[in-house]
Amino acid sequence: MLQIAPKRRKVGSVTFVGVFDLFKIGIGPSSSHTVGPMRAAGLFLEWCLAQPGFAQVDRISCDLFGSLALTGVGHGTDAAVIAGLAGHQPDTVDAEDMKAVVVAVRDTRRIHLGLREVRFDPAIDLVFRMREFLPGHPNAMRFHAWRGSEPVGEKTYYSIGGGFIRAEGEEASAVVARPVPFPFGTADTLLSIAGAASLTIAELARRNETALRADADVNAYLDQLWTAMRDCVDRGTRATGTLPGGLAVKRRAADLHASLLRREQIDQGDPLRAMEWVNLFALAVNEENAAGGRVVTAPTNGAAGIIPAVLHYYARFVSGAGRDGIHDFLLAAAAIGSIIKKNASISGADVGCQGEVGSASAMAAAGLVAALGGTNGQLENAAEIALEHNLGLTCDPVGGLVQIPCIERNAVASVKAINAARLALHGDGSHRVSLDQAIETMRQTGRDMKRKYKETSLGGLAVNVPLC
């Protein structure tokens with residue numbers, strides 16, 4: 001059987017995860033169930049093409065395990081696998097092209113792997129193993145290459161959240177394997193080295209990024225992320241109708257946007273005016289995500305509305321907001337997200353929605369403090385407040401779709417992030433519970449949480465809300 005040697009990739013004593021890793025432009029509805037499987041299928045395609053015996057392969061199959069099997073159809077995992085095997089990538093694929101490819105493969109039961117066409121019948125060769133969980137992660141998939149009835153190669157991948165992929169026996173594929181000047185693995189270490197270097201957390205994050213690429217490239221990518229977030233909100237505030245998937249969930253962002261615009265013309269004295277705009281921004285993004293549109297994984301698709309919503313709050317309602325503040329926001333948010341990812345998880349299938357919405361809320365709170373010029377202690381405090389008050393959040397999507405409760409949950413968590421930042425800015429950064437303690441609590445809570453509450457649609461709202 002074809003084999004491939006595992007590779008270990010480290011950066012100094014701490015694996016580096018930066019803004020280019022945590023924020024990626026892709027398609028909805030899920031980073032772990034759509035973006036990740038598409039990337040994994042692409043990696044398997046590359047691996048197959050590199051094998052000397054590839055000319056003998058006449059069929060491909062894929063087994064989906066655990067959460068990928070249980071909520072895969074609602075999250076678009078089947079379509080993502082087909083598109084990935086056909087050579088598409090989540091950051092560049094056109095949604096309509098992807099639909100056409102999926103339809104063609106289902107009709108012909110054949111797929112082009114590079115320049116060769118082989119058998120792939122999704123009804124037979126894409127197997128949903130709903131009762132089986134592999135030990136590496138709840139989101140697992142195993143690809144097989146066949147010659148007739150003889151297996152000639154296989155690869156197992158885990159989609160570990162946020163679009164990150166880990167092949168069995170390897171590090172996550174998105175991790176950059178180059179040294180950075182300020183490696184950190186905990187919030188306590190981050191505060192310590194930033195203080196010793198007299199740097200803000202955003203400045204430290206930028207120093208790490210510019211050790212890997214030119215400063216102009218970092219700025220260009222941050223601008224690209226902000227543009228993608230604004231474009232997503234714009235599309236979401238114009239789209240109408242119902243979301244796909246069978247729940248008949250009505251898109252609300254367009255009506256809410258029109259209502260807010262009318263009220264702006266009459267009276268701007270509503271003390272909760274900003275909160276309603278934040279709700280709008282989050283709803284717009286997550287409705288786009290649920291519809292399979294292009295979003296920024298921040299740090300996941302299920303929580304993709306929170307950071308854009310809080311960034312829009314900063315840009316629209318904060319006097320003096322500008323490009324530098326937006327960049328500081330994203331850099332600081334990525335620094336906090338990297339700590340959460342390293343020490344707990346950003347995967348709903350791993351630790352529940354606290355790992356997705358909780359992480360995004362903490363990142364957004366930290367980013368807002370950075371943009372507003374707060375201290376490093378205030379930034380860490382804001383992240384801790386936001387994370388602490390999302391602890392225990394379950395992931396129980398109704399019908400396996402990223403719609404209920406996901407869309408409204410992003411709006412609520414966005415407001416919570418802003419409140420956490422404002423609370424922290426009224427203090428001096430000292431507080432009783434540290435961010436590291438909150439992250440460890442999230443990890444332990446995720447371990448204790450029953451599997452049915454971790455993106456399986458086997459518990460919670462998923463079983464208590466009728467589907468018809």
Side-chain angles (χ1 to χ4, degrees), residues 23 225-239 251-264 267-290 295-296 298-322 325-326 328-330 332-333 336 353 356-372 374 379 382-383 385-387 389-390 393 403 405-426:
F23 298 121
L225 292 173
W226 176 226
T227 297
M229 290 177 181
R230 284 183 291 139
D231 288 346
C232 186
V233 167
D234 182 59
R235 290 193 305 272
T237 54
R238 289 186 285 108
R251 296 185 72 141
R252 291 178 288 172
D255 288 343
L256 178 57
H257 186 225
S259 175
L260 291 177
L261 288 176
R262 287 193 299 270
R263 287 166 58 184
E264 292 274 285
D267 178 24
Q268 294 192 12
D270 183 352
L272 296 180
R273 165 175 164 262
M275 183 184 76
E276 293 196 325
W277 279 94
V278 171
N279 286 334
L280 167 69
F281 301 140
L283 292 177
V285 171
N286 284 89
E287 287 176 357
E288 275 295 288
N289 178 63
V295 301
V296 176
T300 67
N301 283 28
I306 297 167
I307 286 174
V310 179
L311 257 179
H312 274 76
Y313 163 81
Y314 166 74
R316 185 182 182 97
F317 293 102
V318 174
S319 177
I326 290 167
D328 285 348
F329 185 117
L330 292 169
I336 296 304
C353 196
E356 298 200 32
V357 161
S359 297
S361 188
M363 292 166 66
L368 183 57
V369 170
L372 295 175
L379 185 153
I385 293 170
L387 186 62
H389 297 289
N390 280 291
L393 202 58
Q403 298 178 19
C406 318
I407 296 172
E408 288 179 353
R409 187 169 284 175
N410 273 252
V412 173
S414 299
V415 174
K416 189 179 293 187
I418 295 169
N419 195 28
R422 294 176 70 91
L423 277 172
L425 286 167
H426 281 292

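What you see is a predicted model; the values in this text were computed from it and never measured.
- You'll find the side chain of Trp277 stays beyond 4.5 Å of the side chain of His312, heavy atoms only.
- Pairs passing the salt bridge (charged side-chain N to carboxylate O under 4.0 Å, His left out) check and including a residue from residues 254-263, sequence neighbours excluded, read Lys250-Asp255, Arg263-Asp270, Arg263-Glu276.
- Annotation: the span from Thr237 atom OG1 to Leu260 atom CG amounts to 11.0 Å, rounded to 0.5 Å.
- For the atom pair CH2 (Trp226) and CZ (Phe329), the distance works out to 9.0 Å, reported to the nearest 0.5 Å.
- Closest approach of Leu425 and Gly374 over heavy atoms only: CD2-CA, 3.8 Å.
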* **Worked verdict on Phe317 versus Val278 for side chain to side chain contact (heavy atoms under 4.5 Å, CB included)** => CA-CA 10 Å; Phe317 293 102; Val278 171; 5.5 Å; no
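- Contact record, Ala360 with Pro299: CB-CD, 3.7 Å, taken as the closest heavy-atom pair.
- For the atom pair CD1 (Ile326) and CE (Met229), the distance works out to 10.0 Å, reported to the nearest 0.5 Å.
- In plain terms, the two heavy atoms of Ala370 and Leu379 that are nearest each other are CB-CD1, 3.8 Å.
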Return a table of donor-acceptor pairs under 3.5 angstrom between the side chains of residues 279-288 and protein atoms on other chains or two or more places apart.
unit_1, atom_1, unit_2, atom_2, d
Asn286, OD1, Gly305, N, 3.1
Asn286, ND2, Gly302, O, 3.4
Asn286, ND2, Asn410, OD1, 3.4
Glu287, OE1, Arg252, N, 3.4
Glu287, OE1, Ala253, N, 3.3
Glu287, OE2, Arg252, N, 2.8
Glu288, OE1, Arg235, NE, 3.2
Glu288, OE2, Arg251, NH2, 2.7

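- When all heavy atoms are compared, the tightest approach of Ile307 to Ala298 is CD1-O, 3.7 Å.
- For Arg230, the CZ atom is densely surrounded, since the number of other residues' heavy atoms within 6.0 Å is greater than 12.
- For the atom pair Tyr314 OH and Ile418 CD1, the distance stands at 13.5 Å (nearest 0.5 Å).
- In terms of modelled atom types and a separation under 3.5 Å, the side chain of Ser361 and the main chain of Ala413 share a donor-acceptor contact.
- When all heavy atoms of Ala383 and Ala366 are compared, the pair lying nearest together is CB-CB, 4.1 Å.
- Rounding to the nearest 0.5 angstrom, the gap separating the CZ atom in Arg238 from the NE2 atom in His257 is 10.5 Å.
- Looking at Lys416, its side chain never comes within 3.5 Å of a backbone N or O of Ala386 through a donor-acceptor pair.
- In this structure, Val310 and Ser414 approach most closely via the heavy-atom pair CG2-O, 3.6 Å.
- Here Asn390 contributes atom CG and Ser359 contributes atom OG; the two are 9.0 Å apart, rounded to the nearest 0.5 Å.
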